[in-house]
Chemist: 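Structure below; questions to follow.
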2 protein chains.
Amino acid sequence: MTLADVALRAGVSRSTASFVMTGRAADMRISEAAQRKVLEAAADLGYRPNLTARSLRTNKTHTIGLISDTIATTPFAGEVIHGALDAALAHGHLLFVAETAGNEAVEADLISEMLDRQVDGIIYATMFTRYQKAPAVLSKVQSVLINCLDPTSSSPRIVPDEYQGGRTAARALTNAGHLHGIYVIGGRHDIPKTPGGLYAGVNRMRGVEDELRTYGTEVALSYECEYEPAFGYQATIELLSDGHRPRALLCLNDRLAFGAYQALGERGMRVPDDVSVVSFDASDLASWLRPSLTSVALPHYELGRIAVTTLLDAPAGKGGESNDVLVPMPLHEGDSIATVTSAGQIQE
Amino acid sequence: MTLADVALRAGVSRSTASFVMTGRAADMRISEAAQRKVLEAAADLGYRPNLTARSLRTNKTHTIGLISDTIATTPFAGEVIHGALDAALAHGHLLFVAETAGNEAVEADLISEMLDRQVDGIIYATMFTRYQKAPAVLSKVQSVLINCLDPTSSSPRIVPDEYQGGRTAARALTNAGHLHGIYVIGGRHDIPKTPGGLYAGVNRMRGVEDELRTYGTEVALSYECEYEPAFGYQATIELLSDGHRPRALLCLNDRLAFGAYQALGERGMRVPDDVSVVSFDASDLASWLRPSLTSVALPHYELGRIAVTTLLDAPAGKGGESNDVLVPMPLHEGDSIATVTSAGQIQE
DNA sequence: TTGAAAGCGCTAACAG
DNA sequence: CTGTTAGCGCTTTCAA
């Protein structure tokens, strides 16, 4: 079924058929009759345009490549894809998805494969926000970076607003009356493996500290460790063993909070009656915990959606000013925070 | 940069250049000298073939569509994509990924979009195994089904071997000496919403029962419920309150097991000393639990990988015999099963 | 051993 | 208002 078949059956030329099928009939002032004939013929024949052929002429494939370092390990990546997909579809585009597993050779290869297929643009995503150089080729094509803070890149960078997220988490506590006995688990992730901490950790902590300062208070103690359950467990156990009596735990992610819950459970401490907990990620885990965990979400769906929108709406003239976007991190409320009355008593 | 440019620079015709670039120089008996010249010119110019143009001639885009009902909600979907991706890349193909959110109109649209872009084949995946009709169009094109048991479809169906998985889970228990006091949580998922149960539940339970029968024993009690943490918690609490004293819990997935852990923890029962637990999915959750959970994995990566392999290796002549594949479910060992000696004592 | 030429299905000047 | 024509970049038959 080609356009020629449709034109033949409609008794018009291929160009007329083409104009009708691409919706430019009005522009070209095609007669009503001709339009109807073409449309009918197309319907009868079940005609569908060959987009590959069209692309050859138009230099647009209505196709985008999404390439990230990890898609399987984390459910978050799925959300990024999801957001990107919805936006792409809304613009009539399809998405190539690929993953590099952190291998630069694979990465270069994947980008080439996509470019060879004439994608209209490429979205390059890293699993979590960090300073990292994006592949150089990307600056030569339409591209957008997700979570990748390449200072030398001219591509728009889409990242979560971790600082605001930190303030939000702290405010969830202060709003409930918690001003003292706030312990942080995870901190900036300042451990030998990642000296100085992670982007997310550093900025969340800045937000937390600034927010608490607003209330004239501060964190009682911050425990730096890897963001995994076992460390959350260990940190909490150590805290308790050292004689600390936290009224609130601010965990840098849900997995840490999960570990903290396990430790608190073993020590017979109840959430939120004995200790309130707030966290980051708002993963499924947060909703499965008992009580459900109040957590500040990482806006993965939005990151994907905005990346595609930014890519597709980019002005043809590669405009000068930065198109960086800070995406807000919303609070997902659970039942892990108790309200403290001014008398210092707990009220759930 | 087109092939014509390369040919020009190499001082040969476009056809000669084409033969060299597509690796058919030997076939066509192109002179050594000409070959070298072409290769050099291509390298100098940084030539990359325009795959869109090539596709127009060859009718092959080296592109596959993967369409599923959910990619975001579950981390499993990520693994399917991952497996499909690895296999596709190994075959020089790229993957279009899309999700229908269970909407048939969207589904039809997506398939059309992919077909319009001349994909070489389509993989249609449902999130979990079930009897469901696949879109009719798919039988007209190269396609493979994952988890979708459409009895009328002629496409190969790739599904996990749930029956064997059930036997494996049961054997993990019997191998450790557990023959009595085995309670099932989740069962066939035979609840009002899904009368008769789920494919996975039904087949796992068949496997469990057959395996136990081999040892001349059987399940003490099976609790039918939804496969979510809250139900695992509730089921376990009820069991205990009704005076049952399970020695082993066979949970139909990790989330149920998670709920069971919560309940056991509250009742002061230790895993595995007081009660052993085995489960299905082998999700991250299983490794986060304390003690880590022994669980039978759903082979998502393999499902994706095999689907692509099947699609690409399919004989041109759409062969008659069924290409259905049952993918094994491997056991991931954790520390949640205690060994019972013949004397009936527990030994960890 | 190589080159000329046709054509994949489509779009878009340009002429009528 | 509509048709003719020339490609997009590539592969492949056919003739030289």
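Given the structure is predicted, the values throughout are model-derived calculations rather than measurements. So you know, we letter chains A, B, ... as the sequences are listed, proteins then strands, and number each from 1.
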Chemist: Nearest of C/dC8, C/dA13, C/dG3 to any side-chain atom of A/Ser15?
Modeler: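 The answer is C/dA13, which lies nearest to the side chain.
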
Chemist: Contact class for A/Thr2 (heavy atom, under 4.0 Å): base, sugar-phosphate, or nothing?
Modeler: sugar-phosphate

Chemist: Would you indicate what B/Ser31 reaches in the nucleic acid, counting non-hydrogen atoms under 4.0 angstrom: base, sugar-phosphate, or nothing?
Modeler: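 Counting heavy atoms under 4.0 Å across all strands, the contact made by B/Ser31 is with sugar-phosphate only.
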
Chemist: Describe the nucleic acid contact of A/Thr52 in one word from base, sugar-phosphate, nothing, applying a heavy-atom distance below 4.0 Å.
Modeler: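 It contacts nothing in the nucleic acid.
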
Chemist: Of the listed nucleotides (D/dG9, D/dT2, D/dC1), which one gets closest to any side-chain atom of B/Leu56?
Modeler: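 Within the option list, the nearest is D/dG9.
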
Chemist: Using heavy-atom distances to pick each residue's nearest nucleotide on DNA chain C, tell me which of B/Ala53 and B/Val12 is more 5'.
Modeler: B/Val12

Chemist: Taking atom types as modelled, is there a side-chain donor on A/Ser55 or A/Lys60 under 3.5 Å from an acceptor on the other?
Modeler: no

Chemist: Nearest to the side chain of A/Ser13 - D/dT5, D/dT4, C/dC8?
Modeler: D/dT4

Chemist: Among the candidates C/dT1, C/dT2, C/dA12, find the nucleotide nearest to the side-chain atoms of A/Phe19.
Modeler: C/dA12

Chemist: If you look at every heavy atom in A/Leu110 and A/Glu99, which pair is closest and at what distance?
Modeler: CD2-O, 3.4 Å

Chemist: Any Lys/Arg nitrogen of A/Glu302 or A/Arg305 sitting under 4.0 Å from an Asp/Glu carboxylate oxygen of the other?
Modeler: yes

Chemist: For the residue pair B/Tyr199 and B/Tyr131, does the interplanar ring angle fall in the parallel (under 30°), tilted (30 to 60°) or perpendicular (over 60°) class?
Modeler: perpendicular

